[in-house]
Amino acid sequence: MAEYHFREIEAKWQKYWAENNIYQTKENTSKPKYYVLDMFPYPSGAGLHVGHPLGYIASDVIARYKRAKGFNVLHPMGFDSFGLPAEQYAIQTGQHPAITTAENIKRYKEQLKNIGFSYDWSREVQTSDPAYYKWTQWIFMRLFEAWYNQKANKAEHIHTLIAEFEKNGNLQVEAACDEDTPTFTAEEWKNFSEKQRSDILLKYRLTYLANAYVNWCPALGTVLANDEVKDGVSERGGYPVERKLMRQWMMRITAYAERLLQDLETLDWSESIKEVQRNWIGKSMGAEVCFYLTPNPLSKGEGAITASQSIEKENIENKNTKHSFHWQTTSPEKWEKLKEFARNNRKNPTNAENILWQAIRNRNLDVKFRRQHAIENFIVDFVCLEKKLIIEVDGAVHFEKEQQEFDKIRTEYLNYLGYQVIRFTNSEVENDLEKVLEKIKRVIQNTPSLLERGLGGEVNKTITVFTTRIDTIFGVTFLVLAPEHELVSEITTPDRKPEVEAYVEKAINRSERERMSEVKSVSGVFTGAYAINPFTKEPIPIWISDYVLAGYGTGAVMGVPSSDDRDFRFAKFFGLPIVPVIEGTEHLENPTEKKYGKMINSGFLNGLDTQEAIEKAIQYAEENGFGKRKINYKLRDAVFSRQRYWGEPVPVYFKEGVPYLIDENDLPLVLPKIDKYLPTETGEPPLGRAENWKYKGIYDYELNTMPGWAGSSWYWLRYMDPHNGKEFVSKEKEQYWKNVDLYIGGAEHGTGHLLYSRFWNKVLYDLGYISSPEPFQKMINQGMIQGRSNFVYKVLYKEAQAHKRLAEYLLPLGFEANVLPGDMQLDFVHKEKKVAVEIRSQSIIKENWQNYLSKYAEFMPDCQVMFVSVEEIFTNVEEAVLRVRKALSGEEFVQFPENDYELPNLFVSYNLRDSYETVALHVDVNLVENDVLDIDAFRKWRPDLANAEFILEEGKYICGAEVEKMSKSKYNVVNPDNVVERYGADTLRLYEMFLGPLEQFKPWNTNGIEGTHKFLRKLWRLFHDEKGNFNVSEQEPTQAELKILHHTIKRVTEDIERFSFNTPVSTFMICVNELTDLKCNKKSILEPLLVLLAPYAPHITEELWHLLGHTESINFATYPDYDEKHLQESTFNYPISVNGKLRTNIEIALDLPQADIEKIVLSNEIVQKWLEGKSAKKVIIVPKKIVNVVV
RNA sequence: GCGGAUGUGGCGUAAUUGGUAGCCGCACCAGACUUAGGAUCUGGCGCCGUGAGGCGUGGGGGUUCGAGUCCCUCCAUCCGCACCA
């Protein structure tokens, strides 16, 4: 064989490797293990493009390198084969997603095998295979049967929780559980029904059913996890997502928030991806502070009960009876003045008053009414304090205008105090009591009781806020609740109700996206309610606003406009007071510019620094019982249900509304057949279509399936033991392989796969099934390979240009251009001969000429009008001019273009495009080489281009180029198959590595691939003579040759060890170049070089290895060690600089003492010249580096 | 706005971590061999300058005998997060 025939060589060895199971991994425990894994690919219909193999090649290099270094390497590949695209395709075509998936996988495997990866295909897994998802379901069951014990700080089997419930109820349990978990005693637990117990346990399980606001995507017909939503639209497909309250399976990942955060420190991951996870977990340390609601909305002065009094009073009252009403609705002093009137009125009621009183007294309407009760300065007829409802019965006097005015003010005031006032006339009560009572009943019904709404200190309700800056609490001038906050409807005063409700309505209906896009605008509504700042005892208004998110913290914030930007904007907008609390902010236009410093205006915190003040304030709050230290996480529990077919069925059935796990022996719960991959008519998920699909033929199965990330959250474990039918992974194998040593994949999984995998891994670890707390020890995120699009520039034929062109002919004939009679513009007019020429496109002339003519007749009577089409001008301008000439000379002429003209399909080369009006069009990059267009191929590319013509530069058509995402629509996708076809897999592998650092994003540009291909041919020639005969010498190597080899070994090995994949390629090139220069064909040099290169170029090295006489695969060769002794030098060519500037080089023996070096350097001619007669101040000699002479 | 990363010839990049900036490859230029070249080989190739030399690692400043590398500052690009309390 003379030439390097890569196609034959590569096919030959790929076959050999497969037939001889060269890459099969055995559990050989005498060797150290090394587990190198690629991120699970989803087999999409588009197949691989050159960007995908980048990471696979790097991991393959490592796998091969580690094998040669004596490691037992696990390097598997498989497919994350459940997912939306195959199902979308199924919906459109009716083809079962399993078929689509199988086809896609087949294609992927062909492409992968074509590149010569050393995967152990015997370990391949597919998540959609029942033999695999059996264990996904099994793990789901483990999660269902687990709870998170915060005392032990780990997950435990639910049995331990039940045992505790039976012993002590849940009073002493510290667990990750739902917010609304009630407390109960052991006694109560024992008396709970099965359903009640199930409901309680669901609040603790690591996977649970709950009503939660989820991301509902109507277009996909399913809910999505938070990480699947980007900027308010679905990550896949970009469909809108809305908030919807649904009962869904959830994963209690929040239980692990702290450990997921802390253990990041133990991982060798890039800082950026750790940061992404930290952000997502979103830990913030601060405090929760309780704000009591005021008993009444306070007006200034007025003698109302002061805030501090009210708190004391409330505390006293609360000690006695938890729900005692605050019936004293005026001050004692006022009551002194009013009580006589009140008593009088009671004794002498009007007839109407009496009738009504008899009807409503004694809780006749289920609520207690008081009559002639004093409220502030007024005595009202009847009042129901629980509902804050006042009923007035008006006599004749109320018809007078003055009295009506007074009533109005009185009502307003009472409204202001939070009371509803309804009025009846005497006659209404006397004549139609039924109707009156009916109305009262209705109002009572529609008004929440204070027992429920807890307005003010009358019941023990508080608003809790979360803050990281409790030190600024003296600067709190308002509270803001999220519109969705549960207290909003309860605390809103009647007068504010319409406005508040309208705002809430609007906020809830607005999509996430809308709310996000209006970040900068300020909006909000006052609720009418007030709270007491527990530090200052001052009342502060309670507002609601969009900028407070229901899902974060407590859904309420304390507004500190002097140190928070959003609060500042809010306060400015609504004119709320701003109290500076940090020294130096008093006179600032915007006090939030300075956020840290000494406290001012802050009572006992004055003078403290931010951190000290935070500590002291928390301490104070805890001591006084209205606050506590609190750590908050942004991380939410993950929605685990999908209303989809193509996913793992959830191994759960329902009996009387209680979810039960199916028996473990019934696993796997296999996906049933269904007729259509759509929801049922009643809106149930597709699985609702399965016929007779019931557990044990009786019980309904869960109809949701698991999300795409379920199967990929544990797959690395399955590779350790992929065919085990008894366990998801055997203990021994798990103990041996432990976790992934090197994980290579994209950074885009930072908040999804990489977080869920860590979560499941930790659960399995806590439950004792596996031995590593983290799944992926080291990770490298390969940069995306971007597409490099090429463009051609199609010449546009516009009227403006046609006009210009025609003008060249017509102006010399005496035409004027752009004549403006009336509101028209005529293209060309010959005034003397009364001829007008109009340019329009061919189609417009055809369709509209009559309209034009009538217009011309209006402005230019008795003028000859003729039309010239744009098409005509560019294809046959002479003909057009001829027609015009005829018209001028009075001959008979043709008014319209005689023929239909077709414009040439003209493209102009990149650097000439500025002289034309052009549009840039994507051209298939496969038709372009080094930005030069293959014109023939271009004409054949699409039928409409067959007649394409070109304006060339220097005989070539140069394309423009731009870096974009690699995608079909941009015609910039490069298929690795094509590259392999043309240059071979080894060249592709080398080139992808050579392109630059693995982590970097870079455009794919085939331009440089020649270089790596040439390198391989050069390597080939080292082993062959000029005639192409294999020719390797057994001669002893020279010192120079050994030096080249060992230098290469050293550099390549060091580079691979630090995962620098591009630099070894250069080193190999240098090595081969140098050996070529020396005409070295010695076996003792070339043989180790092959082993060194084999991880990068496995095919050519395998071929040459066998040509050298080996009968075993190069994969079993040992990696060469480098020997320092071959790199020893006796002299060094020192760079000599004078004052830091390089002036010359001097070869100096390395064993020479520094003083001698100095002498040699200073006596050097060139150094002398630069010294300019001065003496050297200092000579710095860095051995084997540099000499610097300082003058 | 906050956080992270990056910035070096026409292009992809390299620089043993403070010691000769531009290795290797592409493109380009010149030449050789050839009927031919999308083969192969040789030489050149940061910028200015005929030259000596000067200038050069996004800009400015600093530390140092010496800075692409360390410090300060500004700018640009990319990525992530974002009313997160």
Side-chain angles (χ1 to χ4, degrees), chain A residues 3 231 270-280 282-284 286 465-470 472 480 515-516 518-522 545-549 551-560 563-567 569-570 632-634 747-748 750-751 783-784 929-932 961 990-991 994-997 999-1015 1017-1018 1021 1026 1050-1051 1054-1055 1060 1062-1063 1065-1071 1073 1076 1133-1145 1176-1191:
Chain A
E3 285 291 309
D231 301 325
S270 75
E271 200 45 45
S272 65
I273 201 128
K274 286 188 190 180
E275 196 60 28
V276 167
Q277 294 217 340
R278 283 189 204 112
N279 274 338
W280 191 259
K283 180 181 185 175
S284 49
V465 303
F466 174 74
T467 176
T468 55
R469 291 297 305 275
I470 194 174
T472 63
V480 191
R515 276 171 85 160
M516 268 191 275
E518 285 170 33
V519 162
K520 285 283 172 280
S521 69
V522 177
S545 172
D546 242 357
Y547 85 82
V548 180
L549 306 176
Y552 186 73
T554 59
V557 303
M558 55 186 219
V560 190
S563 69
D564 182 283
D565 301 291
R566 296 150 310 157
D567 296 343
R569 258 187 282 136
F570 193 79
N632 204 27
Y633 298 93
K634 203 163 66 178
E748 66 272 18
T751 52
M784 219 200 309
E929 186 153 343
N930 284 332
D931 293 339
V932 176
L990 276 166
Y991 184 58
F994 183 65
L995 226 40
E999 295 89 339
Q1000 233 159 68
F1001 282 61
K1002 55 219 154 197
W1004 176 265
N1005 189 346
T1006 319
N1007 288 355
I1009 200 166
E1010 297 282 344
T1012 49
H1013 189 62
K1014 261 188 230 168
F1015 156 73
R1017 283 204 304 256
K1018 228 167 160 176
R1021 280 202 303 275
E1026 283 107 59
K1050 181 172 193 254
R1051 287 204 50 188
E1054 283 173 0
D1055 286 351
S1060 172
N1062 54 330
T1063 47
V1065 183
S1066 305
T1067 308
F1068 286 129
M1069 288 174 173
I1070 294 166
C1071 175
N1073 287 347
T1076 303
N1133 192 22
Y1134 275 95
I1136 312 296
S1137 50
V1138 179
N1139 284 337
K1141 281 201 193 318
L1142 180 77
R1143 295 305 176 188
T1144 186
N1145 286 289
K1177 264 192 209 140
K1178 203 172 163 190
V1179 179
I1180 292 143
I1181 300 167
V1182 186
K1184 261 197 119 174
K1185 287 265 155 76
I1186 201 168
V1187 177
N1188 191 14
V1189 181
V1190 186
V1191 183

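Order of the sequence lines fixes the chain letters, A, B, ..., with proteins taken first and strands second; residue numbering starts at 1 for each chain.
- Atoms CG (A:D564) and P (B:C2) sit 14 Å apart, rounded to a whole Å.
- The separation of B:G37 from B:A32, taken at their P atoms, amounts to 13 Å, rounded to a whole angstrom.
- Comparing the P positions of B:U73 and B:C2 gives a spacing of 13 Å, expressed to the nearest Å.
- Residue-level contact check: A:L995 touches the backbone only, with heavy atoms under 4.0 Å from sugar-phosphate atoms and none from bases.
- Closest heavy-atom contact between A:M558 and A:R469: CE-O, 3.6 Å.
- By the rule that a glycosidic angle within 90° of 0 means syn, B:U64 does not qualify and counts as anti.
- With both pairing distances under 3.5 Å, B:G53 is matched to B:C48 as a Watson-Crick or G-U wobble pair.
- Under the Watson-Crick and G-U wobble criteria, each requiring two contacts below 3.5 Å, nucleotide B:U34 is left unpaired.
- Taking atom CG of A:L1142 as the reference point, atom C1' of B:A52 lies 16 Å away to the nearest angstrom.
- In terms of heavy atoms, A:K1177 sits closest to A:V1191 at NZ-O, 3.7 Å.
- For B:G4, the OP1/OP2 oxygens have no side-chain nitrogen or oxygen of A:R278 closer than 4.0 Å.
- In this structure, of B:G80, B:A14, B:A85, it is B:G80 that holds the atom nearest to the side chain of A:V276.
- Residue A:I1009 is the one, among A:I1009 and A:V557, whose nearest nucleotide of RNA chain B lies closer to the 5' end (criterion: closest heavy atom).
- Counting atom types as modelled, A:N279 pairs no side-chain N or O with a base atom of B:C81 as donor and acceptor under 3.5 Å.
- Between the base of B:A85 and the side chain of A:R469 there is no donor-acceptor pair shorter than 3.5 Å.
- Proximity of a side-chain donor or acceptor of A:K634 to a complementary backbone N or O of A:Y552 within less than 3.5 Å is not detected.
- Counting non-hydrogen atoms under 4.0 angstrom, A:V1182 reaches a base of the nucleic acid.
- Distance CH2 (A:W1004) to C1' (B:C11): 15 Å, rounded to an integer number of Å.
- Nucleotides B:G10 and B:C65 place their P atoms 34 Å apart, quoted to the nearest Å.
- Looking at A:R278 and A:E275, a side-chain N of the basic residue comes within less than 4.0 Å of a carboxylate O on the acidic one, giving a salt bridge.
- Counting non-hydrogen atoms under 4.0 angstrom, A:V1190 reaches the backbone sugars and phosphates but no base.
- Per the geometry, CZ belonging to A:F570 stands 14 Å off C1' belonging to B:A85, to the nearest Å.
- Here the separation of B:G38 from B:G53, taken at their C1' atoms, is 42 Å to the nearest Å.
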Short N/O separations, protein against nucleotides 38-47 of chain B, under 3.5 angstrom:
unit_1	atom_1	unit_2	atom_2	d
B:G38	N2	A:R982	NH2	3.4
B:U40	OP1	A:R1017	NH2	2.1
B:C41	OP1	A:R1021	NH2	2.8

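- Using a distance-only test at 3.5 Å, with no hydrogens or angles considered, no donor-acceptor pair links the side chain of A:K1178 to the main chain of A:N1188.
- A search for ring pair (Phe, Tyr, Trp, His ring centres under 6.0 Å) contacts involving A:Y991 returns A:W1004, not counting sequence neighbours.
- With B:C55, B:A85, B:G3 as the choices, the nucleotide that has an atom nearest any side-chain atom of A:E275 turns out to be B:G3.
- Across all strands shown, A:N1062 has heavy atoms under 4.0 Å from sugar-phosphate atoms exclusively, and none from any base.
- The shortest heavy-atom contact between A:P1135 and A:L1142 is CB-CD1, 3.5 Å.
- Base orientation of B:G22: anti, since the glycosidic angle falls outside 90° of 0.
- Between the A:Y1134 side chain and the A:N1145 main chain, no donor and acceptor come within less than 3.5 Å of each other.
- Whole-Å rounding puts the A:R566 CZ to B:C2 P distance at 14 Å.
- Base-pair partner of B:C81: B:G1 (Watson-Crick or G-U wobble, both distances under 3.5 Å).
- Separating the CG atom of A:L990 from the P atom of B:G25 is a distance of 13 Å, rounded to the nearest angstrom.
- Separation of atoms OG (A:S1137) and CD1 (A:I1180) is listed at 8.5 Å; rounding is to 0.5 Å.
- The side chain of A:I1180 sits closest to B:G19 out of B:G19, B:A85, B:C81.
- For the atom pair CZ of A:F1015 and SG of A:C1071, the computed distance is 8.0 Å after rounding to the nearest 0.5 Å.
- Using a 4.0 Å cut-off, some side-chain N or O of A:N1073 falls inside it from OP1 or OP2 of B:G25.
- Distance noted for atom C1' between B:C11 and B:C81: 33 Å (whole Å).
- Across all strands, A:Q1000 comes closer than 4.0 Å only to sugar-phosphate atoms, never to a base (heavy-atom distances).
- Looking at which nucleotide of RNA chain B each of A:T751 and A:K1002 is closest to, the 5′-most match is held by A:K1002.
- Comparing the same atom, P, in B:G56 and in B:U69 gives a spacing of 13 Å after rounding to whole Å.
- Comparing the same atom, P, in B:C71 and in B:G1 gives a spacing of 24 Å after rounding to whole Å.
- Atom P of nucleotide B:C83 and atom CG of A:D567 are separated by 15 Å, given to the nearest angstrom.
- Here the P atom of nucleotide B:A82 and the OH atom of A:Y552 are 12 Å apart, to the nearest Å.
- Relative to the side chain of A:L549, the nucleotides B:C24, B:A85, B:U20 differ in distance, and B:A85 lies closest.
- Between B:A67 and B:G60, the distance separating the two P atoms is 15 Å to the nearest Å.
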